[in-house]
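Here the structure is laid out as structure tokens; the discussion comes afterwards.
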Amino acid sequence: MATIREELQAAVRRLFEDDKIDYFLGYVDDYGHTFPAILTKDSDLSGLTFDRKSYNNLAAFLPELRGSRLGLICKQCEVRTLNVLAAEEQLEREKLVVVGVPCPAMIDPRKLSADEAELGSDDPALWQEKCRRCLERNTPTADLFVGEKISTPTPAEGWPLLEEVEAKPAEEREAWWREQMSLCIRCYACRLACPLCYCHQCFVEDNKPQWLDKSVGAENNLHYHIIRAIHLAGRCIECQECSRVCPVGIPVDVLNNVLSRDFASRFGYASGETAETKPALVAYERDDPEDFIL
Amino acid sequence: MARIGVFVCWCGANIASTVDVESVAEAASRLPGVAFATDYKYMCSDPGQKAILEAAQEHRLDGLVVAACSPRMHEPTFRQVAAEAGINPFRMQMANIREHCSWVHADREEATAKALDAIRMMVARVAQSEPLEPIKVPVTRRALVIGGGVAGIQAALDVADGGVETILVERTPSIGGKMAGLDETFPTLDCSQCILTPKMVDASRSEFIKLYTYCEVEKVDGSVGNFKVTLRKKAKYVNHELCNGCGDCFHKCPYKKIPSEFDYGVGNRTAIYVPFPQAVPNKPVIDRETCVFFKTGKCRACEKVCLRNAIDFEQEDEFEEIDVGAIIVATGYDILEPAEMAEFRYGAIPDVITGLQFERMSSASGPTEGKIVRPSDGEEPKVVVFVHCVGSRDENYKEYCSKICCMYNAKHAIILKHRIHDAQAYLFYIDVRAGGKGYEEFWKRACVEEGAEYLRGRVSRLYDENGKVIVEGQDTLSGEQVEVVADLVVLATAMVPAKGTEEMARILGVSTDKDGFFNEAHPKLRPVDTATGGIFLAGACQAPKDIPESVAQGSAAAAKALGLLTKEEITREPTVAVVDPFICTGCWNCVTVCPFGAPEKSEITMTIDGRKVTRPVSEINEGKCEGCGLCVASCPGNCIDQRGFSDDQVYAELGGYLERLRAALTHE
Amino acid sequence: MKFSYYPGCTLHSTGAEYDQSVRAVCHTLGIELVEIPGWGCCGATSAHSVNELLAYALPAHTITNATEEAIAAPCAACYNRLRYTDVNLRENASLRAEVEKALDRPYRAGVAVRHLLDIIANDVPGEEIQAKLQGTLGGLKVVCYYGCLLTRPKKVAAFDDMEEPRSMDRLMQLCGAEVLDWPHRVVCCGAAFSLSRTDIVRHMTGKLLTSALRAGAEAVVVACPMCQSNLDLRQPAILKERGVRERVPAVYFTQLLGLALGHSAKALGFRKIMVDTSSLLARVEAGREAPAEAEG
Amino acid sequence: MSDPPVPNESTPAPAWEPNIVGFLCNWCSYAGADLAGTSRIPYACNVRIIRVPCSGRVDPLMILRAFREGADGVLVSGCHPGDCHYIEGNYYARRKFIALKQLLDHVGVDPRRLRFSWVSASEGRKWAEVVETVTRELLEIGPYRYDRDGDD
């Protein structure tokens with residue numbers, strides 16, 4: 001039986017041969033790592049793969065390729081992202097070929113020891129947190145599916161890190177975040193990796209007026225991350241790419257989780273579930289809760 | 001560097017007794033960008049204004065800060081002064097040191113410090129204020145009136161009287177509305193049709209009124225002064241140019257048993273029909289849904305009999321785009337479908353009817369020629385129960401009072417007595433609301449002179465027994481349960497917005513209230529305006545109303561429309577939003593949030609890295625922008641700004657205050 | 001389906017046949033009932049006219065004792081009091097605090113209070129009931145009587161149309177009864193004055209009975225033990241007073257449903273009904289064309 | 001006036017007063033504050049008012065900027081739900097404010113530093129009460145200093 005790697009390569013080759021797409025967005029492996037890659041019909045497809053280190057949310061590359069006919073591998077993270085992008089009219093779905101895969105859950109690289117054998121392990125302790133909450137392991141919206149469908153384990157509930165931070169009293173929480181934020185070097189990797197940060201110009205680049213200072217400092221950094229979280233309110237699909245790519249290891253997605261959870265319970269938001277939901281902050285209900293208003 | 005003049009007003013003792021105006025002016029003169037500062041007893045007085053003009057010239061000022069009362073009080077005054085002084089009025093700001101300061105703070109030191117802060121903030125703001133010119137828009141001298149009931153007819157007549165062309169659109173085949181179907185009217189018992197039909201004829205004959213019946217508003221674009229409206233002229237299948245209204249066609253129509261909408265089912269009509277004999281225009285239309293020819297392809301009886309060859313089965317709906325400067329909405333009301341209130345068993349018991357059905361029955365030109373009968377057996381009813389507040393003032397249905405029912409119930413009781421002398425009327429009421437000229441006397445007359453029996457209480461249940469309708473209810477005055485064995489029951493059902501009001505509101509971009517009626521701009525002071533410029537309201541589409549109120553509102557809306565349409569051009573505040581297309585991503589947040597539809601989806605083509613790229617961008621329609629700034633704050637990429645309330649201005653204002661704090665902090 | 005079962009005082013005493021038929025029907029339909037441990041009186045009628053706090057505290061006690069996520073209450077009065085309490089305690093924090101103080105423990109908000117009719121008519125799919133029928137009611141002519149508390153007030157109770165409910169009608173039709181239209185579905189029988197003002201009760205119940213007879217009913221189907229006892233116990237005297245010779249038994253919807261599901265009249269407690277039900281049972285028996293194997 | 005309290009036993013130190021920035025919508029709250037003035041209802045003098053067309057114009061960036069530059073508290077006030085001059089601006093604002101408030105609460109900022117109120121043009125007294133409440137609460141929790149490392 002063909003491996004998923006072989007099936008994938010054959011499928012993509014066919015897409016190019018049948019002239020269905022101009023680019024394919026997938027993962028290739030080399031030097032023991034798995035990278036996202038944009039392939040054309042002239043590319044060498046032999047490195048094309050999908051494995052437990054196919055971390056990146058490929059939808060982050062879509063703005064660059066807008067307008068092209070494009071195939072891409074979609075695990076649940078991309079599926080939900082595409083739904084949000086579609087709702088925001090950032091997507092020409094008819095130009096996309098969504099290639100579905102059975103997602104075996106991504107490994108958290110920070111939990112991975114040097115022993116690569118662990119890659120095959122099915123120990124949820126090694127998974128990324130998002131994968132433990134995942135509701136769907138097979139791409140339901142796929143135009144074509146490669147590999148064998150797999151069953152989806154019962155999703156874990158709760159937000160372990162968020163709950164851990166929340167359990168601290170306010171002063172400790174402030175101190176903890178201040179410490180985290182004093183590490184931030186404002187490299188904006190979080191923004192770059194985020195598939196929903198697609199503004200041509202980010203608010204931090206705006207200098208007329210410069211609401212947010214560009215200089216590094218715990219409070220400035222915190223405010224940058226807070227505003228980013230607000231811009232993602234009801235939109236963030238919790239792919240955790242922002243945290244994974246952070247070079248100094250700040251779990252920035254905890255801020256997003258605060259709003260994800262709050263907006264789900266207050267307004268019933270489940271971002272990325274369908275392609276219709278408008279972003280939470282450009283919608284309202286007349287009887288939205290307002291117990292916080294004087 | 002800006003050359004700003006600061007003028008601190010004493011407002012007599014109103015400011016000066018609490019704020020040390022002299023030292024404030026002195027400190028203000030040392031602020032960056034300030035070329036001159038002074039204080040004066042009354043800045044708004046003639047000498048005060050003159051002082052500003054002189055100082056502006058002497059110190060070559062290019063901006064003004066007037067520290068005085070609230071801008072809600074004197075902003076227009078000082079903008080005028082600025083303009084006279086050759087300074088752009090939008091580079092004048094008022095620091096509110098009276099309402100927000102001297103009048104609410106007693107401590108002189110604190111109030112003085114706060115006043116200086118307010119000035120500091122406004123100086124910073126003026127330094128960042130760009131000169132703005134009011135937006136001038138030419139006005140299309142034509143009005144649209146939607147709805148040809150009495151309110152719409154009155155509005156159209158009054159606008160036309162001002163010599164302005166008016167298009168009156170009515171969706172049914174005739175104008176006249178609900179009033180055309182009424183019998184006599186309270187409190188004078190004038191015959192409704194006798195007073196309405198002359199107005200209908202006037203409207204059809206006026207050289208300034210264009211009548212579009214059987215026509216609906218499909219789309220409204222544009223804004224105050226310049227609306228573009230698309231009308232759907234529904235196919236009538238009768239060429240009204242050729243038709244002379246002889247009526248041969250509907251006499252020959254074989255299909256005669258269609259419940260008449262105009263008679264609320266009390267009478268029937270044919271498939272080709274004129275809704276009522278006094279209709280304007282008095283020419284028929286074919287109802288496609290019920291016409292045998294459209295169903296089976298056979299018949300053509302009307303076509304055969306028409307000597308003028310006016311029947312045209314090939315007609316199709318036509319669309320026409322018109323330009324108008326103002327829109328008057330007079331779409332009227334409907335009644336709450338009584339079948340929705342199961343306890344009244346309307347529909348299940350034939351002798352339970354609505355007030356409007358009673359009107360058609362008692363109307364001399366109605367289907368029974370004025371004879372009041374029981375629908376079940378055609379007999380004359382001797383005991384008639386009138387139920388007030390059916391669905392009104394009822395937390396299970398509509399909480400509001402429908403306002404007209406108390407009066408028309410009294411009228412019905414009187415009419416009943418006039419037509420059937422030995423009949424007895426019972427009226428179940430909560431309380432009688434008779435606020436209006438002659439109204440109180442009128443219902444008293446029903447009660448005292450005409451012998452109507454008023455029972456204070458609600459009806460709990462109706463059911464039929466041996467051909468009678470048993471009405472159970474409570475008489476709260478005696479505390480007894482009562483039971484009336486009635487021949488006929490008439491329900492005064494709640495007035496609700498006309499069907500399609502919600503859709504109309506969406507098309508017009510105006511809001512509705514919790515009950516679905518159109519929202520006026522201010523419940524007291526702007527009762528016929530909507531929040532959208534150039535769109536006015538008349539009649540029961542805004543709330544339940546009787547005839548005189550509807551007519552008064554029709555005239556009021558006409559006056560408002562004329563006030564607008566007699567101008568050559570209108571000016572709008574230039575404080576509108578503006579998009580930077582080069583950084584706009586086209587996320588459409590602005591399009592989604594704007595209550596006025598000002599941001600529009602557009603495209604821009606630009607060259608990036610030598611490639612021509614077309615990108616979706618938002619563009620603000622200045623004619624529609626009301627200047628709320630909601631889009632500005634909803635744009636994640638800060639691509640939108642608002643003139644006159646720009647980010648730079650707010651930032652400067654904030655900075656004007658906070659820089660002082662920062663200075664204080666660094667000296668800690 | 002599993003519910004906390006709240007029989008209320010009546011179903012443990014004068015309404016025992018309702019209890020019997022409820023348990024039988026629920027068993028057949030796969031509805032598991034777990035009686036609420038330590039349940040107390042709902043306080044209907046007397047408590048809320050005497051002491052407001054008590055009127056809330058009594059039902060709150062029972063709701064808080066529930067072990068399941070939802071409560072099934074077969075008595076319309078109990079159902080109404082429990083719903084009323086739950087709606088008000090959820091909305092009114094200070095009232096809730098007061099009640100919790102009286103209970104000396106937190107109120108268990110979030111338990112759904114349902115009437116058994118609502119559960120059977122709306123949760124159990126019609127096809128499922130149909131599949132389990134062991135015969136039909138043979139076109140028995142019935143009127144459905146919901147009483148005044150089952151669907152009112154709208155804010156508290158309405159699982160069906162407040163004034164013209166139809167859920168029981170549909171259920172009875174499903175069982176093969178001929179359901180007649182009548183105007184008195186939700187008119188009060190006067191149960192609140194059952195003992196203190198029998199004159200009022202006689203007047204109100206009398207109207208219901210004559211209306212049912214006029215419609216041609218062979219049975220009045222009820223969902224409340226208070227209504228049942230009024231319509232049943234007082235019937236001979238009331239109709240005699242009005243000079244009416246016919247009688248019409250008032251039976252529980254669970255009893256008729258039980259017959260259709262194949263339970264015996266004995267198991268459903270028919271003999272506890274005062275007005276003669278023999279002709280009714282004979283009609284149903286005649287309508288049972290399917291083999292009556294599941295009898296008992 | 002803006003100095004934090006300095007313990008001094010001999011002479012009473014100038015009391016610390018909170019600095020509050022108020023963003024008020026032009027149509028309701030600004031007019032409400034005007035009415036407090038015309039009605040001569042006294043209140044604490046700690047709020048500096050910035051007039052905006054609508055509470056929907058207020059961007060969370062503005063609020064954070066105010067904090068970063070030395071405000072101890074921020075108050076945003078608009079029209080009551082249903083009364084917005086621009087029909088629905090305050091509804092959107094309400095959602096945005098919930099989000100910002102949730103986040104600030106989470107990162108340990110005292111929730112009393114950021115307050116929102118609905119004050120109509122006829123609620124002069126309510127405006128005075130809101131200012132009194134906000135000021136009193138801030139007096140209780142003291143000055144706001146997150147860190148100043150980025151500013152120097």
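Only this structure's heavy atoms are used, side chains among them; waters, hydrogens and symmetry mates stay out. Below, chains carry the letters A, B, ... as their sequence lines are ordered, and counting in each starts from 1.
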| query | Atom SG of D:Cys45 and atom NZ of B:Lys114: how far apart are they, to the nearest 0.5 Å? | reply | 6.5 Å
| Which one of B:Arg98, B:Gln642, B:Lys514 has the most heavy-atom pairs closer than 4.5 Å to chain D? | B:Gln642
| said: Within the 4.5 Å heavy-atom criterion, are B:Asp647 and D:Arg57 side-chain neighbours or not? | reply: yes
| Does any donor atom in the side chain of B:Tyr651 or D:Arg65 lie under 3.5 Å from an acceptor atom in the other side chain? | yes
| message | Is any side-chain heavy atom of B:Leu654 closer than 4.5 Å to one of D:Phe23? | response | yes
| request: Work out which heavy atom in D:Arg51 is nearest to a heavy atom in B:Arg125; give both atom names and the distance. | output: O-NH1, 4.3 Å
| query | Is chain D contacted by the side chain of B:Thr592, its backbone, both, or neither, given a heavy-atom distance below 4.5 Å? | reply | backbone
| said: Report which part of B:Asn14 has an atom under 4.5 Å of a heavy atom belonging to chain D: side chain, backbone, both, or neither. | reply: side chain
| Of the non-hydrogen atoms in D:Pro53 and B:Cys628, which two are nearest, and what is the gap between them? | CG-O, 3.6 Å
| message | Is any side-chain heavy atom of D:Tyr92 closer than 4.5 Å to one of B:Leu630? | response | yes
| task | Return the minimal non-hydrogen interatomic distance between D:Val58 and B:Ala633, and the atom names on each side. | result | O-CB, 3.8 Å
| said: Counting only non-hydrogen atoms closer than 4.5 Å, does D:Leu61 touch chain B with its backbone (N, CA, C, O), its side chain (CB onward), both, or neither? | reply: side chain
| request: Among D:Gly89, D:Ala31, D:Cys25, D:Ala36, single out the residue with the greatest number of heavy-atom pairs under 4.5 Å to chain B. | output: D:Ala31
| For the candidates D:Trp127, D:Tyr30, D:Tyr91, which exhibits the highest count of non-hydrogen atom pairs separated by less than 4.5 Å from chain B? | D:Tyr30
| said: Do D:Asp34 and B:Ser70 make a side-chain contact, defined as non-hydrogen atoms from C-beta onward lying under 4.5 Å apart? | reply: yes
| request: Please look at D:Ala128 and chain B and tell me whether the side chain, the backbone, both or neither of the residue comes under 4.5 angstrom of a heavy atom of that chain. | output: neither
| Where do B:Trp103 and D:Ile41 land on the side chain to side chain contact (heavy atoms under 4.5 Å, CB included) test, with the steps shown first? | CA-CA 8 Å; B:Trp103 275 350; D:Ile41 304 168; over 6 Å; no
| query | Which atoms form the tightest heavy-atom contact between B:Phe596 and D:Ile87, and what is the distance? | reply | CE2-CD1, 4.0 Å
| remark: Tightest non-hydrogen contact, residues D:Ala33 and B:His100, listed as CB-NE2, 3.3 Å
| request: Let me know if B:Ser102 has heavy atoms under 4.5 Å from chain D in its side chain, its backbone, both or neither. | output: neither
| task | Go through the steps for D:Asn19 and B:Tyr657 under the test side chain to side chain contact (heavy atoms under 4.5 Å, CB included), then give the verdict. | result | CA-CA 10 Å; D:Asn19 299 297; B:Tyr657 170 42; 3.1 Å; yes
| Taking all non-hydrogen atoms of both residues, which atom of D:Ile50 and which atom of B:Met121 are closest, and how far apart? | CG1-CE, 3.6 Å
| message | Taking the basic N atoms (NZ, or NE/NH1/NH2) and the acidic carboxylate oxygens, is any pair closer than 4.0 Å for D:Arg40 and B:Glu99? | response | no
| field | Side-chain heavy atoms of D:Asn26 within contact of B:Arg72, under 4.5 Å | value | yes
